[in-house]
S.K.: 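Dumping the structure here so I can ask a few things about it.
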2 protein chains.
Amino acid sequence: MPVTIYDIANKAGVSIATVSRVFNGSTRVSANTRSNVLKVAADLGYQPHATARSLARRKSSIVSAVIPMLTNYFFVEILRGLQDTLARTEYDLLVFSARTLDEVDGQMDRALQRGQAAGIFVFSSPMTGERVTKLSAFNEALVLVDCFHPGLDSVTTNNLEGGEVATRHLLETGCERLALIMANPESVPARDRRDGFERALASAGREFDPSHVVTSTDEDHHGYNEQSGYDAMRKLLAGKVCPDGVVATSDVQAIGALRAIREAGLSAPEDIRVVGYDDILIARHVGLTTIRQPMYEMGVMAAERLLSQIEVPTQTRAQTVLSPCLVVRRTTSNDVGSGEEPSGQIVGRA
Amino acid sequence: MPVTIYDIANKAGVSIATVSRVFNGSTRVSANTRSNVLKVAADLGYQPHATARSLARRKSSIVSAVIPMLTNYFFVEILRGLQDTLARTEYDLLVFSARTLDEVDGQMDRALQRGQAAGIFVFSSPMTGERVTKLSAFNEALVLVDCFHPGLDSVTTNNLEGGEVATRHLLETGCERLALIMANPESVPARDRRDGFERALASAGREFDPSHVVTSTDEDHHGYNEQSGYDAMRKLLAGKVCPDGVVATSDVQAIGALRAIREAGLSAPEDIRVVGYDDILIARHVGLTTIRQPMYEMGVMAAERLLSQIEVPTQTRAQTVLSPCLVVRRTTSNDVGSGEEPSGQIVGRA
DNA sequence: TTTTGCCGTGTAAGCGCTTACACTATGCCT
DNA sequence: AGGCATAGTGTAAGCGCTTACACGGCAAAA
């Protein structure tokens with residue numbers, strides 16, 4: 001009882017080709033026939049069969065996204081950008097979420113399944129050789145989001161710049177002894193942020209104290225978690241030279257660090273200034289100065305990029321790099337008004 | 001150059017039917033043939049074509065979820081439950097997110113597209129007549145999540161109970177003048193929570209003061225936003241009898257209320273105790289007592305329900321109702337330890 | 001030895017749609 | 001009047017796979 005184009009063709013006294021034409025790019029069909037077919041289709045409650053359509057067209061109307069740790073606010077925001085952009089097209093979004101980075105490979109395989117999608121997004125996954133091989137063999141559109149590989153399209157933010165901006169901010173507010181609380185170096189963004197930290201120090205002519213860089217070896221979320229920030233801060237506080245400014249490679253780590261600071265009877269920004277990274281929702285509420293990434297825009301741009309790849313498959317590759325921006329709040333400044341002013345003072349542009 | 005079963009059949013010297021059998025329920029194929037086919041397939045780098053498979057099987061390996069306001073932590077958690085459960089099956093998840101409740105209908109139409117999905121989840125959408133009609137006409141599996149309609153499968157939490165528990169908690173801690181900060185009554189959960197509030201008052205023999213129920217008329221997220229909580233609290237503070245206990249229908253509203261309280265020079269729990277609803281991440285950080293919903297579990301159960309519907313289509317309907325649980329934190333108690341103990345004291349079971 | 005049955009495999013008919021190609025009018029140009 | 005576009009429609013061949021049915025062969029049963 002599902003109604004097909006045959007039913008319509010029968011009832012309207014035309015051929016299935018004509019019915020199909022009506023429902024497609026309307027290649028030359030007379031106005032009469034068209035409206036007649038449309039009417040019959042409406043009467044019968046016809047709906048095109050998505051799968052059959054894809055098969056015949058040799059092109060799916062689905063695009064896939066492989067996302068590790070969907071729980072993360074960062075990804076959800078990007079997803080919004082994707083969705084809002086895709087909603088205006090014929091494409092629907094298949095979401096493959098991996099709980100850990102190890103699960104990414106499995107989900108990627110599912111996503112790369114032939115005939116499934118017209119294109120795919122890969123989020124925040126380190127580009128191992130094996131992955132690059134698989135992705136390069138994929139014949140459809142592909143955009144990396146928040147990760148990078150030469151020769152593949154990507155939309156990323158400039159983590160090096162972000163790390164640098166955060167560090168420079170601390171220097172400018174008068175910090176003398178800077179420290180870095182870093183996530184697991186397996187994470188490429190973490191490494192880039194660290195490089196930015198070092199670069200800012202170097203260009204300010206400051207010496208770089210290796211004991212002031214605490215690196216997580218945590219596997220859970222690659223060290224992007226509160227506990228790892230807490231532990232790192234404790235370690236810093238126990239060191240011989242206590243820092244007066246701390247950059248963390250994520251907000252959650254920064255929040256852990258703040259807890260350690262508070263427990264030590266100290267406070268931010270008075271004793272130690274703290275900068276996070278990401279601008280998650282909580283950052284606002286705890287007044288955390290942070291580096292905001294243009295997440296929504298990343299989603300939009302990634303989607304646009306994918307769509308244009310689908311349209312013109314042979315197109316040259318493009319790597320889009322967006323700049324993060326500094327959001328100044330309580331943990332580095334006494335001037336920003338207390339309490340939870342909604343957004344903080346935004347410095348720089350996204 | 002994409003390799004099909006014909007290529008394999010040729011090279012292996014068998015028919016396409018045999019190749020197909022190897023890749024399916026392995027209906028009677030000799031061990032020799034099987035391993036030979038598998039080998040050839042591996043050599044050629046064969047991958048089954050997802051779309052063709054769905055068409056031939058008359059059954060998609062995709063399930064869809066229609067989700068309003070994906071930004072919401074609540075939905076993301078449920079999604080995790082869905083994904084984790086689906087990951088173990090052959091099904092992939094198509095996500096249709098609507099930015100507003102009005103967009104739900106459009107996204108629902110896309111999701112209901114014939115031949116697209118083997119089943120669909122509809123999240124948190126009021127069941128208007130039109131929607132019920134469309135959903136009932138859908139011939140595939142269907143599970144409502146966080147919304148309800150008799151005759152359709154659903155997984156919900158008991159909002160009435162949640163409202164009641166929150167209210168009773170305030171009464172037990174000695175509050176005398178209870179108030180309710182309520183979201184837009186278009187939202188069914190909000191109404192249910194209010195009913196719970198009223199019921200708890202009634203069964204405690206308290207009188208119900210209508211002026212102590214402030215209802216949002218906000219359209220933005222149905223009044224589930226910080227501003228609406230803030231405004232409501234201001235209104236309560238300006239009233240002739242100031243409440244000493246407030247239940248909010250969501251954490252974000254509660255957080256707005258807390259701000260209003262602080263700005264009025266008062267504090268929680270000393271002057272006014274506050275209970276939220278949802279247990280979003282921020283709740284922990286501001287020490288908000290709240291009602292936690294078993295979000296992840298909802299996702300798991302919804303997925304399981306859908307899967308079993310797909311397996312046995314004629315099965316009887318089931319409405320699953322999960323109980324929320326109270327999480328006691330600073331805003332209603334001085335005994336819970338200060339600062340941000342991670343989880344709060346959990347009372348009741350999820 | 002003949003019968004019965006089952007196992008392993010092939011043949012072919014779809015699934016519901018798109019689209020190249022062919023065909024028939026019709027209108028227009030010479 | 002004949003020739004030639006051109007617009008509108010139909011015919012049929014797929015898209016890559018699944019699966020009902022048929023068939024040959026061989027082992028067990030008679």
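What's counted below: heavy atoms across the whole structure, side chains too, no hydrogens, waters or symmetry copies. First the proteins, then the strands, lettered A, B, ... as listed; each starts at 1.
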S.K.: Could you tell me whether the phosphate oxygens of C:dC17, OP1 or OP2, come under 4.0 Å of any side-chain nitrogen or oxygen in A:Tyr46?
M.R.: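 It does, given that an N or O in the side chain of A:Tyr46 lies less than 4.0 Å from OP1 or OP2 of C:dC17.
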S.K.: Would you indicate which nucleotide in D:dT11, D:dG16, C:dC17 comes nearest to any side-chain atom of A:Ser15?
M.R.: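 Among the listed nucleotides, the one closest to the side chain of A:Ser15 is D:dT11.
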S.K.: With sugar-phosphate meaning primed atoms plus P, OP1 and OP2, does A:Phe23 contact a base, only sugar-phosphate, or nothing at under 4.0 Å between heavy atoms?
M.R.: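 Nothing, no nucleic acid heavy atom in range.
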S.K.: Indicate yes or no for a side-chain donor-acceptor contact from B:His49 to the backbone of B:Ala52 under 3.5 Å, with no hydrogens or angles considered.
M.R.: yes
S.K.: Taking the minimum atom-to-atom distance to the side chain of B:Arg21, which one of C:dG10, D:dG14, D:dT18 wins?
M.R.: C:dG10
S.K.: Mapping A:His49 and B:Ala17 to their closest nucleotides on DNA chain C, which lands nearer the 5' end?
M.R.: B:Ala17
S.K.: Return the 5'-most residue of the pair B:Arg57, B:Ser30 with respect to DNA chain C, ranking by each residue's nearest nucleotide.
M.R.: B:Ser30
S.K.: In whole Å, what is the span from the NZ atom of A:Lys59 to the P atom of C:dT18?
M.R.: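 Answer to the nearest Å: 13 Å.
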S.K.: From C-beta outward on B:Ala56, which listed nucleotide comes closest to its side chain: C:dC17, D:dT18, D:dT9?
M.R.: D:dT18
S.K.: For A:Leu55 and C:dG14, give me the distance from atom CG to atom P, rounded to whole Å.
M.R.: 17 Å
S.K.: In whole Å, what is the span from the CZ atom of A:Arg28 to the C1' atom of C:dA25?
M.R.: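 Value for this atom pair: 14 Å.
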S.K.: Mind listing the closest non-hydrogen atom pair of B:Ala12 and B:Val40 along with its distance?
M.R.: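 Closest heavy-atom pair between B:Ala12 and B:Val40: CB-CG2, 3.9 Å.
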S.K.: Categorize A:Ser54 for me: base, sugar-phosphate, or nothing, with a 4.0 angstrom heavy-atom threshold over every strand shown.
M.R.: nothing
S.K.: Assuming nearest nucleotide by heavy-atom distance, tell me which of A:Ile16 and A:Ala31 is located more 5' along DNA chain D.
M.R.: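 Residue closer to the 5' terminus by nearest nucleotide: A:Ala31.
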S.K.: Tell me the closest heavy-atom pair linking B:Ser124 and B:Cys147, and the distance in Å.
M.R.: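 Minimum heavy-atom contact is N-SG, 3.6 Å.
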S.K.: Flag the pair B:Asp7 and B:Lys11 as a salt bridge only when some basic side-chain nitrogen lies within less than 4.0 angstrom of an acidic carboxylate oxygen.
M.R.: no
S.K.: Between D:dG16 atom P and A:Arg53 atom CZ, what is the distance in whole Å?
M.R.: 19 Å
S.K.: To the nearest Å, how far apart are A:Asn32 CG and D:dA7 P?
M.R.: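 Distance check: A:Asn32 CG to D:dA7 P gives 17 Å.
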S.K.: For the pair made of CD1 in A:Ile5 and C1' in C:dC17, what is the distance, rounded to whole Å?
M.R.: 5 Å
S.K.: Quickly work out the B:Arg58 CZ to C:dA13 P distance and round it to whole Å.
M.R.: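 So the CZ-P distance, B:Arg58 to C:dA13, works out to 15 Å.
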S.K.: Between C:dA12, C:dG16, C:dT18, which nucleotide has the shortest distance from any of its atoms to the side chain of A:Ser20?
M.R.: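 Selected nucleotide: C:dT18.
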S.K.: Between C:dT9 atom P and B:Asn10 atom CG, what is the distance in whole Å?
M.R.: 17 Å
S.K.: OP1 or OP2 of D:dG10 sitting under 4.0 Å from any side-chain N/O of A:Thr18?
M.R.: yes
S.K.: With no hydrogens and no angle check, is any side-chain donor or acceptor of B:Ser54 less than 3.5 Å from a backbone partner on B:Ala50?
M.R.: yes
S.K.: If you look at every strand shown and take non-hydrogen atoms under 4.0 Å, does B:Thr33 touch a base, only sugar-phosphate, or nothing?
M.R.: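 Counting heavy atoms under 4.0 Å across all strands, the contact made by B:Thr33 is with sugar-phosphate only.
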